[in-house]
Number of protein chains: 2
Amino acid sequence: MPRGPANPTAVRDRLLTAARELFYAQGVHAVGVNEIAARAGASKLSLYRYFPAKDDLVAAMLAEHSDRIHAWLVRNTADAPAGADRVLSVFDLLIEWFAQPGYRGCAVVNTVTDTRAEPRVAEIARRHLLRYRELLETRVREAGGREPRALARQLLLLIEGASVVTAIDGDAQAGRAARRAARDLLSAHRTEPAAR
Amino acid sequence: MPRGPANPTAVRDRLLTAARELFYAQGVHAVGVNEIAARAGASKLSLYRYFPAKDDLVAAMLAEHSDRIHAWLVRNTADAPAGADRVLSVFDLLIEWFAQPGYRGCAVVNTVTDTRAEPRVAEIARRHLLRYRELLETRVREAGGREPRALARQLLLLIEGASVVTAIDGDAQAGRAARRAARDLLSAHRTEPAAR
DNA sequence: CTGTCATAGTACAGATCTGTACTATGAGGT
DNA sequence: ACCTCATAGTACAGATCTGTACTATGACAG
């Protein structure tokens, strides 16, 4: 058991939080490690103790962030009503999220761009999308749709598209359009035979 | 008429080309003006003559790039067969584009992220999406679909989503999924009454 | 009380980047 | 022939960033 500092909040957690907020708001390249340490109320010595290089901090922050997003999504869509609403509840959550002031797109996607697909970041991002597809596929299956895997893939495109368009256009229309498109695709996968 | 250098290729154009290639491959922050000038076979003096600051070069490059993309899209979808194929020809083009090796996502979107929505870049990006929607709306109208404006908005989400997912996953599945989703949405907007 | 060690704070080395200054060259108009 | 000026090449100033070194402090175990 390590001897804790006066402040019981783990230094490592404060560093991760500061990094997440600053990187998201300004981008990985625009934020220096000094600024992160200052916001976390930590010293650079501590930062480099927990994260040997800035890239390690980026990767650790992003992995944790991805985990948190997926836990939040699963938790908040687990007991949605049966049927199509079971899938659309994912879109309802995302619409709310994207409409928040200061929304600047998906942090995972942004970090991939910022770091130009640094290997660890790229891996986290692939896993991030995979988990999205798995959640969507599960919800589609529960709703009784045809071809849940293919549909999940299509729904993910709507989600990522809405995220990007919202970040650029700065309004909430994209989220609503994504929900409506998702509803129509769900209908198509209920009434239509699987067309090839 | 300015007195030209020995090489008739305008220095400005070479700088824009070098900037486009390097920024796309490595990101705006990762490329220095020295590298751009060297690749263009130009001097920094020339670079700063045409572009007072690096940001001006970024903005000029991106505006030109957006123009080129849209001209290319309009040109190559103008004489597609009537009906749904008129819209899907846009997706066919994009599938080909996204499947090219070295595809790293939409340069416009990436630059917005790189520069954290620098005002001129953000404006170019908004215009970029607007022109996408206008083209899609036109093609949907020509194909005889209902609610062309709303459908165009949905189709844009599929395009941007496919771009992002392709860049992260590195395979061509996303483009094909987008095309199929577009086809299904087009069907829904032909046979269904406009649901509100 | 005393020793250990995580920590904050600061300073610094080395690298890199933007933007400017200066020199030399050569093409084309007059 | 001469002059103008866009250009390439280089050097440099100032700023910033990463990662390391060093000092001082204070909490906790024994």
Side-chain angles (χ1 to χ4, degrees), chain A residues 1-62 111 114-116 118-121, chain B residues 1-62 111 114-116 118-121:
Chain A
M1 190 70 79
R3 297 168 192 169
N7 187 340
T9 304
V11 174
R12 188 174 188 275
D13 284 349
R14 296 200 321 260
L15 286 165
L16 285 171
T17 300
R20 187 180 70 241
E21 294 169 350
L22 289 171
F23 287 153
Y24 184 66
Q26 301 175 236
V28 171
H29 280 103
V31 178
V33 289
N34 291 299
E35 196 181 350
I36 294 168
R39 173 178 259 244
S43 68
K44 284 175 69 175
L45 188 75
S46 300
L47 191 154
Y48 279 100
R49 168 190 306 281
Y50 291 111
F51 310 100
K54 185 184 179 182
D55 276 355
D56 297 307
L57 173 59
V58 172
M61 174 277 290
L62 203 63
T111 306
D114 277 349
T115 65
R116 235 51 190 182
E118 191 266 336
R120 276 168 302 178
V121 170
Chain B
M1 190 70 79
R3 296 165 193 171
N7 187 340
T9 303
V11 174
R12 197 183 123 98
D13 284 349
R14 298 203 316 264
L15 286 165
L16 285 171
T17 300
R20 187 181 68 242
E21 294 169 350
L22 290 171
F23 287 153
Y24 185 67
Q26 302 176 236
V28 171
H29 281 102
V31 178
V33 289
N34 290 299
E35 195 180 350
I36 293 168
R39 173 177 256 242
S43 68
K44 284 175 69 175
L45 187 75
S46 299
L47 192 154
Y48 279 100
R49 169 190 305 281
Y50 290 112
F51 309 101
K54 186 183 178 182
D55 276 355
D56 297 307
L57 174 58
V58 172
M61 174 278 289
L62 203 63
T111 306
D114 277 349
T115 64
R116 234 52 190 182
E118 192 267 335
R120 275 168 302 178
V121 170

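Convention: sequence-line order gives letters A, B, ...; per-chain numbering from 1.
- In plain terms, the two heavy atoms of Phe23(A) and Met61(A) that are nearest each other are CD1-CE, 3.6 Å.
- Atoms NZ and CD1, from Lys44(B) and Ile36(B) in turn, are 11.0 Å apart once rounded to the nearest 0.5 Å.
- One atom, CG of Asn34(A), and another, P of dC12(C), lie 15 Å apart when rounded to the nearest Å.
- Within 4.0 Å of Ala37(A), counting heavy atoms only, lies no atom of the nucleic acid at all.
- Summarising the geometry, the separation between CZ on Phe23(B) and C1' on dC17(C) is reported as 12 Å, rounded to the nearest angstrom.
- Between Val31(B) and Gly41(A), the residue anchored nearer the 5' end of DNA chain C, judged by the nucleotide with its closest heavy atom, is Gly41(A).
- Spacing between atom CG of Leu45(A) and atom P of dA6(C) amounts to 10 Å, rounded to whole angstrom units.
- A sub-4.0 Å separation between OP1 or OP2 of dA8(D) and a side-chain N or O of Arg14(B) is present.
- One can find a donor-acceptor pair under 3.5 Å joining the base of dG19(D) and the side-chain atoms of Lys44(A).
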Candidate pair Val11(B) and Arg14(B), rule side-chain contact (heavy atoms from CB on, under 4.5 Å), full reasoning: CA-CA 5 Å; Val11(B) 174; Arg14(B) 298 203 316 264; 4.2 Å; yes
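- When the side-chain nitrogen and oxygen atoms of Tyr48(B) are compared with OP1 and OP2 of dT7(D), none of them lie within a distance under 4.0 Å.
- Nucleotide dT7(D) holds its P atom 12 Å from the CG atom of Asp13(B), rounded to whole Å.
- Side chain of His29(B) to main chain of Asp114(B): a donor-acceptor pair is present (N/O by atom type, distance under 3.5 Å, no hydrogens or angles).
- Between the P atom of dG19(C) and the CZ atom of Arg49(B) lies a distance of 17 Å, rounded to the nearest Å.
- Going from atom OH of Tyr50(A) over to atom P of dA6(C) covers 8 Å, rounded to whole Å.
- Contact check, Ser46(A) against dA8(C): a side-chain N or O comes under 4.0 Å of OP1 or OP2.
- Contact between Thr111(B) and Val58(B) at its shortest, heavy atoms only, is CG2-CG1, 3.7 Å.
- Rounded to whole angstrom, the span from the CG atom of Leu15(A) across to the C1' atom of dT7(C) amounts to 11 Å.
- One atom, CZ of Arg12(B), and another, P of dA6(D), lie 15 Å apart when rounded to the nearest Å.
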